[in-house]
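Note: hydrogens, waters and symmetry copies are ignored here, and every other heavy atom, side chains too, is used. Chain letters run A, B, ... following the sequence lines, proteins first and then strands; every chain starts at 1.
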Number of protein chains: 2
Amino acid sequence: MIGTRQKELLKEIVEEYVKTARPVGSKTLCKKFKCSSATIRNDMATLENLGYLEKTHISSGRIPSEEGYRYYVDNLMEAKKISGEDMLKLQTIFNNKELELDDAISKSLEIISDITNYTSVILGKESSDNRLQKVEVVPIDSRQLIAIVITDTGHVENKSIVLEENIPTEEISKTTELLNKMLIGTPIDEVPSKLEFEIKPVIRNYIENYEVVYNAFYNALSNFTSERDVKFTGKTNILKQPEFSTVDDVKNIISKFESKDMVSKIEETNDEVKVYIGSENEIDDNVTVVKTKYKVGGREGSIAIIGPKRMEYERVVSMLEYIKEHIEGGKEDKLEKEEQ
Amino acid sequence: MIGTRQKELLKEIVEEYVKTARPVGSKTLCKKFKCSSATIRNDMATLENLGYLEKTHISSGRIPSEEGYRYYVDNLMEAKKISGEDMLKLQTIFNNKELELDDAISKSLEIISDITNYTSVILGKESSDNRLQKVEVVPIDSRQLIAIVITDTGHVENKSIVLEENIPTEEISKTTELLNKMLIGTPIDEVPSKLEFEIKPVIRNYIENYEVVYNAFYNALSNFTSERDVKFTGKTNILKQPEFSTVDDVKNIISKFESKDMVSKIEETNDEVKVYIGSENEIDDNVTVVKTKYKVGGREGSIAIIGPKRMEYERVVSMLEYIKEHIEGGKEDKLEKEEQ
DNA sequence: TATTAGCACTAAGAAAGGAAGAGTGCTAAA
DNA sequence: TTTAGCACTCTTCCTTTCTTAGTGCTAATA
């Protein structure tokens with residue numbers, strides 16, 4: 001079992017290492033713990049046996065292992081303890097009620113990236129329970145149409161429709177009218193099934209060449225909402241961290257950032273602020289990812305901060321918690337006010 | 001003046017250095033020129049005096065200077081000489097008449113990036129002479145509208161409009177109707193002035209609270225087309241080049257790529273394929289940028305290939321020329337066919 | 001029993017030296 | 001104009017040495 005002083009010691013070592021990026025030696029901690037280096041060394045050895053500390057070589061100081069960081073995050077750090085200075089910076093954003101939600105989120109992540117030198121990512125999309133407000137179809141030429149879909153939160157998306165054969169304009173406008181009649185108010189993720197099971201049977205009776213028309217519209221409307229906004233802030237910040245000191249490290253992490261499945265690895269399903277240290281995340285063993293999900297006012301998505309494992313956990317977690325609370329809480333206040 | 005053998009020599013040195021990335025020594029070129037290393041050395045010294053060659057240190061072989069590359073590009077390389085293999089790869093794309101223009105361009109740049117290991121960028125936008133086809137306005141709530149603008153080439157853009165005070169629905173739809181009547185067929189870059197000088201005076205007579213409405217619409221419609229598509233292919237490719245062998249080099253070039261004004265530095269105003277070597281380009285002294293402008297079928301923009309100064313100039317220039325010719329020529333053929 | 005002093009030991013990192021190799025410039029001869 | 005020859009220069013790689021910051025272990029101490 002881990003003793004009280006040992007816990008304190010682990011906490012101190014993590015924080016010291018986070019600050020300096022150098023292995024922590026026993027002497028450094030003497031004053032703090034008012035005991036000799038030998039005592040510290042004994043405790044360090046215990047913590048190493050428990051798997052919380054590592055050495056870079058046989059006679060080096062200690063650095064936290066992945067388990068060490070994990071223990072720190074779970075048991076030692078004081079989350080929710082956002083510093084006054086950090087809070088102040090974020091407050092200026094959330095006090096500005098003019099700001100749109102998306103802008104507020106990106107501005108606050110810009111601040112985090114700026115003051116921490118980590119990389120942050122916002123992954124956003126339309127909430128899947130937003131409802132379809134209007135379908136508009138504009139002809140471009142005899143075979144090409146543009147379908148525009150608008151949701152009740154004001155999100156607009158458009159798709160080009162290519163018809164396999166010429167269809168009279170009236171057929172198109174009849175279909176559009178029908179779609180509007182039957183689809184308005186439908187949550188967008190239910191649109192495909194409603195098309196298939198409710199609209200298709202009806203269209204069949206109204207429209208001459210219904211298969212061509214139906215297929216074209218189905219393709220356009222069912223792939224809606226597949227696109228996601230992704231915004232990186234400070235993509236190169238993480239390169240400033242001393243852990244990326246060799247060319248290969250840098251190339252490696254950059255190519256991970258650029259890779260196609262990066263986006264899917266940012267998504268967070270959990271509702272709290274979660275910390276994924278090293279091998280716990282799918283991006284790279286050398287980084288820590290702090291993520292959370294948000295959902296408010298027709299928008300939902302994930303926010304992630306990516307930094308070295310040697311990360312200022314307390315700071316990042318507490319700032320992310322603060323942001324999450326304020327975008328979800330704060331913006332609901334705002335919506336209520338507007339409704340009055 | 002530069003003699004014939006010296007030209008040959010410079011050409012050979014550029015090409016050898018491009019291939020190997022190591023300074024070229026006099027011995028290497030003996031067989032090729034059927035003379036002794038001393039002769040080569042004399043000529044090299046001349047070329048160095050003329051500013052076309054450099055040494056990395058006093059007893060090293062020679063590498064081309066920026067002027068050397070420039071001379072090579074202007075006088076020595078055989079452009080238009082695309083290799084059969086490269087041509088074949090590009091042909092498969094341009095023969096595929098199914099492909100949309102944008103896709104054809106990005107596919108061909110993917111190929112270039114793949115086979116050369118350089119980075120390519122496409123900067124595209126709607127042509128400024130495209131014409132407005134339709135304006136649609138959808139209300140979201142009492143104060144918020146979505147304006148959707150469609151051009152004759154099927155490009156759609158939308159902007160949210162926030163009204164400063166409540167405006168009756170009829171006023172909005174009257175305005176929309178008016179806009180459609182007066183703006184259809186207007187080239188999009190003429191929309192702002194037409195709003196100001198033709199629409200504003202008319203609106204004044206029809207609409208109660210015309211200033212609020214006019215301002216809201218003006219903001220929405222005049223900032224249209226400001227957004228540009230940017231697509232990088234192989235952003236990390238250039239890191240594979242041996243010139244980026246130190247961490248600082250890599251970090252430096254990456255941060256240039258990420259910087260905000262990168263996009264503006266890609267734009268090419270010249271109609272030919274142009275080569276910007278080292279300090280000639282604004283991105284970074286250590287890279288060469290090969291750029292060209294294209295304009296076809298409602299789209300226009302620039303294409304750029306970014307690689308080390310030690311670039312396969314002949315290959316890149318000839319491939320880019322081939323692509324430019326084919327997207328502009330080829331797609332016009334296609335358009336004509338479709339019109340028949 | 002927990003702490004401490006002392007000491008032998010280890011690895012990293014920086015500095016210095018040396019040898020090999022690739023290439024040059026210059027001189028003088030062909 | 002070309003070439004052979006030679007002294008010279010730098011880079012690169014390898015080895016050695018020294019310093020330093022740290023360790024583990026043992027034995028003494030509170």
Would you tell me if any nitrogen or oxygen in the side chain of Thr56(A) comes within less than 4.0 Å of OP1 or OP2 on dA11(C)? no
Check whether any side-chain heavy atom of Val287(B) lies under 4.5 Å from a side-chain heavy atom of Lys256(B), and answer yes or no. no
Could you spell out the base pairing of DNA chain D in dot-bracket, with Watson-Crick or G-U pairs whose two distances are under 3.5 Å, [ ] crossing and | to another strand? ||||||||||||||||||||||||||||||
Could you grab the distance from atom CD1 of Ile2(B) to atom CD of Glu8(B), nearest 0.5 Å is fine? 10.5 Å
Thr246(A)-Asp248(A) side chain donor-acceptor pair, cut-off 3.5 Å: no
So where does chain B start and stop touching DNA chain D, 5' to 3', when the test is distance under 4.0 Å to a non-hydrogen atom? dT2(D) to dT11(D)
Side chains of Leu76(B) and Val14(B), heavy atoms from C-beta outward: is any pair under 4.5 Å? no
Minimum heavy-atom separation for Glu66(B) to Glu280(B), with atom names? OE2-N, 4.1 Å
Lys55(B) NZ - dG23(C) C1' separation (whole Å): 9 Å
Do the side chains of Lys231(A) and Glu110(A) get close enough for a salt bridge, i.e. N-O under 4.0 angstrom? yes
Assign each of Gly25(A) and Ala38(A) the nucleotide of DNA chain D bearing its closest heavy atom; nearer the 5' end lies the nucleotide of Gly25(A)
Please compare Val24(A) and His57(B) by the position of their nearest nucleotide in DNA chain D and report the one closer to 5'. His57(B)
Whole angstroms only, please: what is the CZ-P distance between Phe33(A) and dA2(C)? 18 Å
Can a side-chain donor-acceptor contact be found between Tyr276(A) and Glu282(A) if the only test is distance below 3.5 angstrom? no
Nearest whole Å is fine: how far is dG23(C) C1' from Glu48(B) CD? 13 Å
For atom CG of Leu29(B) and atom P of dA22(C), their distance in whole Å: 16 Å
For Lys27(B), which contact category applies under a 4.0 Å heavy-atom criterion: base, sugar-phosphate, or nothing? nothing
Of the nucleotides dT24(C), dT4(C), dT3(C), which has the atom closest to the Arg5(A) side chain? dT3(C)
Within the structure, does a side-chain N or O atom of Ser36(A) lie under 4.0 Å from either OP1 or OP2 of dT4(C)? yes
Please report, rounded to the nearest Å, how far the C1' atom of dA22(C) is from the CZ atom of Arg41(B). 11 Å
Please lay out, stage by stage, how Lys265(A) and Asp284(A) fare under the test salt bridge (charged side-chain N to carboxylate O under 4.0 Å, His left out). CA-CA 10 Å; Lys265(A) 291 173 179 167; Asp284(A) 189 288; over 6 Å; no
Please determine whether a side-chain nitrogen or oxygen atom of Thr39(A) lies at a distance below 4.0 Å from atom OP1 or OP2 of dT4(C). yes
Can you tell me how far CG of Asp86(A) sits from CZ of Arg315(A), rounded to the nearest 0.5 angstrom? 4.0 Å
Assign Arg22(A) to base, sugar-phosphate, or nothing according to its heavy-atom contacts below 4.0 angstrom with the strands shown. nothing
